[in-house]
2 protein chains.
Amino acid sequence: MRKKNIEYRSSCPISTALDIIGDKWSLLIIRDLAFKGKNTYGDFLNGGEKIATNILADRLMLLEMAGIITKHPHPESKAKHLYKLTPKGIDLVPALVEIISWSEKYHEVHPYAKQFVKQLKNNKEAVVKQIIEGLKKDSFN
Amino acid sequence: MRKKNIEYRSSCPISTALDIIGDKWSLLIIRDLAFKGKNTYGDFLNGGEKIATNILADRLMLLEMAGIITKHPHPESKAKHLYKLTPKGIDLVPALVEIISWSEKYHEVHPYAKQFVKQLKNNKEAVVKQIIEGLKKDSFN
DNA sequence: AACAATACTTGTAAAATGCAAGTGATTTTG
DNA sequence: CAAAATCACTTGCATTTTACAAGTATTGTT
């Protein structure tokens with residue numbers, strides 16, 4: 001069984017953020033939701049990085065507890081669930097975008113990522129805004 | 001013994017970033033270097049979040065291997081070492097700043113952090129630029 | 001020379017992660 | 001409509017990582 005409440009190590013905002021999303025998987029789930037239109041357990045499992053099923057279930061629960069995602073019935077199938085980013089989750093997009101830019105600058109990444117960073121360099125504000133607006137619209141479905 | 005080369009799970013820039021700094025401690029060391037003027041092993045140990053000595057040594061090595069920090073002799077004492085951010089490390093500041101903003105918005109944080117975010121809201125570009133310039137200047141000492 | 005500070009290393013217990021298999025509820029197929 | 005497949009997990013166990021306590025080697029201080 002998991003602890004219900006996370007203990008924060010300090011009142012430093014970075015430290016607190018890491019207490020929530022400071023692991024190798026949480027941000028990838030958020031990435032899938034924010035950039036890849038993935039939103040079911042099965043989607044995340046086939047996300048490209050081979051997360052273990054127990055870890056995925058654990059992270060989904062933690063992210064839900066942290067108020068970053070919510071779990072809904074799937075409109076097309078009772079066997080599925082639909083995960084969505086909350087406003088708190090959507091607000092992570094600017095941080096993700098900066099991480100992408102940094103990583104693209106210093107590492108070999110997928111051509112798709114290079115293209116995305118090129119767009120960012122051209123007009124970061126607009127690109128970020130468009131992504132966020134798109135995600136907010138989803139919230140009403 | 002530690003592995004010498006990190007294996008990247010995929011060519012996704014976020015995934016690659018997490019392979020390097022996706023843990024509970026690395027970004028706190030970088031925070032200490034970037035925002036708190038800390039730059040020795042002892043400084044990091046007393047950084048407020050009680051990192052274990054073996055983990056600190058391990059993370060310093062990994063960050064150095066990743067090209068994010070460098071290790072230098074201390075100008076005032078042969079018993080000490082001086083750690084500095086590389087340009088790659090300095091380039092993480094914008095991501096850190098976004099994480100700070102996000103975390104401050106949704107969590108209880110230190111008043112100092114609230115003040116910092118207020119400045120950011122007023123003029124993010126200038127604040128970030130000033131921090132980065134300050135760090136770059138240090139590189140020449 | 002003795003003591004303290006600094007930057008670690010080592011040993012071991014505890015926790016988190018990874019892997020394989022299993023479960024129960026739906027949904028599809030023959 | 002019964003059997004197989006899909007989906008979202010859970011369970012058990014081995015491996016890896018982390019935490020905590022203690023020890024060590026070099027340098028600095030008195």
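Please read these numbers as outputs of a predicted model, since none were measured by experiment. Just so you know, these numbers use all the heavy atoms, side chains as well, and skip hydrogens, waters and symmetry mates.
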Grab the [atom1]-[atom2] distance between [X] and [N] for me, whole Å please.
{"X": "A:Leu56", "N": "D:dC7", "atom1": "CG", "atom2": "P", "value": "14 Å"}
{"X": "A:His81", "N": "C:dT27", "atom1": "NE2", "atom2": "P", "value": "11 Å"}
{"X": "A:Asn54", "N": "D:dA14", "atom1": "CG", "atom2": "P", "value": "15 Å"}
{"X": "A:Glu7", "N": "C:dA15", "atom1": "CD", "atom2": "C1'", "value": "16 Å"}
{"X": "A:Leu60", "N": "D:dT10", "atom1": "CG", "atom2": "P", "value": "10 Å"}
{"X": "A:Leu45", "N": "C:dC19", "atom1": "CG", "atom2": "P", "value": "13 Å"}
{"X": "B:Glu76", "N": "C:dT6", "atom1": "CD", "atom2": "C1'", "value": "14 Å"}
{"X": "A:Leu82", "N": "D:dC7", "atom1": "CG", "atom2": "P", "value": "14 Å"}

Nucleotide of [options] approaching [X] most closely (side-chain heavy atoms):
{"X": "B:Trp25", "options": "D:dA19, C:dC8, C:dG18", "value": "D:dA19"}
{"X": "B:Lys78", "options": "C:dT17, C:dC8, D:dG28", "value": "D:dG28"}
{"X": "B:Ile55", "options": "C:dC19, D:dC7, D:dA19", "value": "D:dA19"}
{"X": "B:Ser77", "options": "D:dA8, D:dG28, C:dT26", "value": "D:dG28"}
{"X": "B:Ala52", "options": "C:dT17, D:dC7, D:dC20", "value": "D:dC20"}
{"X": "B:Thr53", "options": "D:dA22, C:dC19, D:dC20", "value": "D:dA22"}

Donor-acceptor pair, side chain of [X] and main chain of [Y], under 3.5 angstrom:
{"X": "B:Tyr41", "Y": "B:Thr53", "answer": "yes"}
{"X": "A:Thr86", "Y": "A:Ile68", "answer": "yes"}
{"X": "B:His107", "Y": "B:Val109", "answer": "no"}
{"X": "A:Asn122", "Y": "A:Lys118", "answer": "no"}

Go through the structure and list residues passing side-chain hydrogen bond (donor to acceptor under 3.5 Å, both in side chains) with A:Glu49, not counting sequence neighbours.
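Per chain and number, A:Glu49 pairs via side-chain hydrogen bond (donor to acceptor under 3.5 Å, both in side chains) with A:Arg31, B:Ser10.
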query = Contact class for A:Tyr83 vs. all strands (heavy atom < 4.0 Å): base, sugar-phosphate, or nothing?
reply =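 Counting heavy atoms under 4.0 Å across all strands, the contact made by A:Tyr83 is with sugar-phosphate only.
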Notebook entry, point to check: Looking across every strand, which nucleic acid part, if any, lies under 4.0 Å from B:Lys71 by heavy atom: base, sugar-phosphate, or nothing?
Noted result: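 Contact class for B:Lys71: sugar-phosphate only.
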Next on the checklist: Whether B:Tyr41 contacts D:dT27 is assessed here as follows: a side-chain N or O lying under 4.0 Å from the phosphate OP1 or OP2. Is that the case?
Outcome noted: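 Indeed not, no polar side-chain atom of B:Tyr41 lies that close.
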When you measure from the side-chain N and O atoms of B:Lys80 to the phosphate of C:dC8, is any distance below 4.0 Å, counting only OP1 and OP2?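 No, no such contact exists.
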